[in-house]
Every structure is written in structure tokens, then in C-alpha cells.
Trainee: 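One structure follows; several queries about it will come next.
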Amino acid sequence: MIQTALREIRRGTAEIIDEARIEILLKNYFEKGQTYTVKAGFDPTAPDLHLGHTVLLQKLAAFQKFGAHIQFLIGDFTAQIGDPTGKSETRKKLLPAQIEENAQSYKSQVFKILDPEKTTVVFNSEWINPLGAAGMLELTTTYNVARMLERDDFDKRHKAGISISISEFLYPLLQGYDSVHLKSDIEIGGTDQKFNLLMGRHLQRVYEIGKEQAVLMMPILEGLDGVQKMSKSLGNYIAVADAPNEMFGKILSISDTLMWRYYELLSALSLDEIEALKIGVENGSLHPKKVKEALALEITERFHSRDAAVNAQAEFERVHAQSEIPTEMDEFSIEGAVWIAKALVDCALSPSTSQARREIKQGSVKIDQIKLSDEQYQLEVGEYILQVGKRKFARLKVTQ
RNA sequence: GGUGAGAUACUCAAGUGGCCAACGAGGGCAGACUGUAAAUCUGCUGAUUUUUAUCUUCGAAGGUUCGAAUCCUUCUCUCACCA
């Protein structure tokens, strides 16, 4: 039992520090019913969550199955400093109103994954504000500059002569102090958080709270391209708020290799179930596409509903397998006969008429399912279904 | 503060007076093949209904020239070494 739980906990992790401690916590839970706390901190800087963020949530949900109570920490105080992790320059400060708004957005999203009964949402300003100047000063005596500069990103910036604000030195200290205040048993975070996570252990020792948190680090989820990390700025992300059809389609478009990665980090299936799928694909009894569809269904259902997911699948089948048109698409209306390239731009199917002409030349434009080759084509009054490539559709009404 | 090097399209990167809307690679888009997978092959990848054309673009602003990404001046920023 403990071993099964431990396997699930270990699943997909990049690194675990003090695994023995986790094992003891699990043992106490299974034998004596004792619960323990798992802390995870979130910067309320990014209101739109994508699947990359949910990797951590998924792990927290796994912990909840094995007796953990989650301390879902929203770093409203620390957000005022800005986490220096991975940044090459000092971050801009966030306004309190923005922080509040982002925090609310987080709360509404995370309970799609976490069990609210076993979760406490906390804000670190609650205990950092009362700390005051004296407490803050005390905190700073626990660490020194040389060790702070050992940290990779600080080191690079320091050597390159790029400014590091003193307040940024406080960030890891405060994050660590959160663990002191919350008396966390375990803290989880991304691999890039290692330094900050270890600070929690350090400070728990210094402040003598009688335990040192175990640390569990999750890898960064790759985006749709399978190479770079999932991020909004790279455009390779699946947002938690994506419409069901879009979400389903995006998941189905990932590569087979990446699919297993997503299974490992995002699926709620157990390791044994995933292993069974893998074997099925390898011996040919399962088609990889079916397996990917199952994943797409699971994830779409998680953020929407069973019905929405099933519909998305049916829709996908219609549009792509049978190359029919989707049931729903954006509708546009234009007055008077219009040049096709212009119409494509107006329907947001092409970014420019030049691009539209190229697309026509390459045979990717279809009107009512018929390929168009004449780039001078004029659309007369009537209703048309325009298509560019395989996935962009629009319904256009040309009026007098 | 001193000296030197550099800034070219989404990214890297060639181009040192006209053949430059700018080589090449990556990325992206599209077509073929497929399972909207991967791999592979092909085309496209500043804008514009003048499309074997026109306009705008090579850090910014001026200047030289019939003609400038390329030469000159000033400015802004980045990097390296020294202090």
C-alpha cells in the first residue's frame, strides 16, 4: 500500500529531496490515519492557467489521495517583489488590485482538480506583514550574500553586471519563511524553484520548528511542439480556459512521444493503467490514436464536462476524419460583392491579403468545400463557407 | 571613466555602393503521404488587386550619391577587456 502510494508520488518527478521523510508520512497515514501538509506556492502573476501549471496541481491531487492536506499558498506579498527565478532582469512590481484579481482567478480554476475539503488557500501577506522590520531583519541574518550568489541566475546576472535588487534577495528568504510559518511537511514546485524550495528546509532548521520539509520537484511540461516549455508567449500552450473543441484538437495534435509525457504528468490514470496502454500500443492491439483520444477526453472532461468532451470528440471526427465542416464556426457578413482575398482577411482567416493570395496559390483555400485556384475570384451575393488549411473555417454572408 | 567589437526579418545568421524584400539554418504556414502523430518530399514565409509592378524595411536621426543594409556625422543600446 505504502509502496503503491510512493510510486504514484514519485511519478513524473524530476527530483525528490528527503524521500525517506515522505515515506514516514505515508506510513503514519496508512497505519495511524495521521494527515500531513503539502505546500505549493503560486505567484498570482499569471491569471490564465495552462496545462503546464496543472502539473503541480495534479501532483497535489495525488497527495490528497494519500492523506495530505494542501496548503495552497498565493504569494500575494512576494508577488510585490517578483520571483527572480529564471529572470534576467528585475521584474516589474504588480499592483495590489491586479494581485487580488489574479488570486481570485486562481481559486476559481484550481478546484477543478483539487479537493476543496482537503485544501486551505492562504495568502502569505497574512504572516509576512506582521513580521515587521524586526522580523524581517532577523530573517536576513540567517543567510549570507556569498551563498545567495551561488544561485545560478543571481550569479549570471551578477557577473554580467546586470542589477540585482536587494529586495530580490528577500524573495527566497520569504518563500522559505512561508514554510516556517505553515510548518509544511512537504513542499512541491517546479525544478526551477529548487533554490527557493531548499531555503524552506534551511529556515525550518534555523527557526527550530522541529522538522524539515521534504521537497519534491516537478519537471517543466513541454508545449505542443514537444521541445520548448509550455508557455503563453511561445504560443504552444493549452489553456485551462480553452473551449472544449480546441482543447481536444490541441491534445490530439501532439506527437505520440509527447503523449506519454502528458499521460505521466497530467492524467489521473494510475501508473499501471498507463503501462497497460503502452503495452497495448507496442504489441499493436491498441491504436496510438485511440490512446491519444482517451487522453484528450480525460483532460477536456476535467476542465469542462463529460458531455462537452464527447461532443468535442464527435465534432473532431466529423471535421477531420470525414472532412466535413464543423457544426459551429464564426460568422461574418460583408456588404456587396467582394474579392476573395479581402474576404479571407475580413473573416480573420488570413493576416493579410498577400498571405491570402499565397494560400490560394497553394491550394489551401476552399469555398463550400471546393478548392479555389483563381486568386482574382469575386464572391457574389450569397452565403459561403470559407476554409483555409485544415482547421480554419468561417461562414460568410455577402449581402447587397 | 578608458579601449575595442557589435546592432540585419519570429530566432540565429550572411551580405561592405546598383544583380537586395535581402544567401543560409531553425521556426511557422500550406500541399502530398498519414492517425490534424512522427518521419519524408515540395512550395511559401514585409505590405499592396499596378503582382516579371509599386511602396515600406537592415538600431534612430541626419548627410554624401543618379543610386545606400553597405560610405560619412551625431545619437541610443548591447557585448568584451581594462579601471
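Numbered from 1 within each chain, the chains take letters A, B, ... in sequence-line order. Keep in mind the model is a prediction, meaning the values are calculated, not measured.
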Trainee: Under 4.0 Å, counting only non-hydrogen atoms across every strand here, what does A/Lys292 touch: a base, just sugar-phosphate, or nothing?
Mentor: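 It contacts base atoms.
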
Trainee: For B/rC81, which nucleotide is its Watson-Crick or G-U wobble mate, given both distances must be under 3.5 Å?
Mentor: B/rG2

Trainee: To the nearest 0.5 angstrom, please state how far the CG atom of A/Leu51 sits from the CD atom of A/Gln58.
Mentor: 9.5 Å

Trainee: Would you indicate what A/Gln376 reaches in the nucleic acid, counting non-hydrogen atoms under 4.0 angstrom: base, sugar-phosphate, or nothing?
Mentor: base

Trainee: For B/rU49, which nucleotide in any strand shown is its Watson-Crick or wobble partner with both distances under 3.5 Å?
Mentor: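 Its partner: none found.
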
Trainee: Nearest of B/rG35, B/rC29, B/rU49 to any side-chain atom of A/Thr353?
Mentor: B/rU49

Trainee: Taking atom P in both B/rU57 and B/rA22, what distance in whole Å separates the two?
Mentor: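 It works out to 16 Å between them.
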
Trainee: Within the structure, does a side-chain N or O atom of A/Ser364 lie under 4.0 Å from either OP1 or OP2 of B/rG31?
Mentor: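 The answer is no; no side-chain N or O of A/Ser364 sits under 4.0 Å from OP1 or OP2.
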
Trainee: Within residues 389-400 of chain A, which residues have any heavy atom lying less than 4.0 Å from an atom of RNA chain B?
Mentor: A/Gly389, A/Lys390, A/Arg391

Trainee: Each nucleotide N or O in nucleotides 43-46 of chain B that has a protein N or O under 3.5 Å away: list the pair and distance.
Mentor:
residue	atom	partner	partner atom	Å
B/rG43	N2	A/Gln362	OE1	2.8
B/rG43	N2	A/Gln362	NE2	3.3
B/rG43	N3	A/Gln362	OE1	2.8
B/rC44	O4'	A/Gln362	OE1	3.4

Trainee: Give the ring-plane orientation class for A/Phe72 versus A/Phe42, where under 30° counts as parallel, over 60° as perpendicular and anything between as tilted.
Mentor: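 Ring orientation, 0 to 90° scale: parallel.
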
Trainee: Are any protein N/O atoms closer than 3.5 Å to N/O atoms in nucleotides 23-27 of chain B? If there are, list each pair with its distance.
Mentor:
none

Trainee: For atom C1', what is the distance between B/rG4 and B/rG17, given to the nearest Å?
Mentor: 27 Å

Trainee: What is the minimum heavy-atom distance between A/Ala356 and A/Leu344, and which atoms define it?
Mentor: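 Shortest heavy-atom separation between A/Ala356 and A/Leu344 comes out as CB-CD1, 3.9 Å.
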
Trainee: Taking the side chain as C-beta and beyond, is there a heavy-atom pair between A/Asn236 and A/Lys229 under 4.5 Å?
Mentor: no

Trainee: Using the P atom on both, measure B/rU48 against B/rU64 and round to a whole Å.
Mentor: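 About 34 Å, rounded to a whole number of Å.
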
Trainee: Which class fits the ring pair A/Phe63 and A/Tyr36: parallel under 30°, tilted 30 to 60°, perpendicular over 60°?
Mentor: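 The arrangement is perpendicular - the two ring planes meet at more than 60°.
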
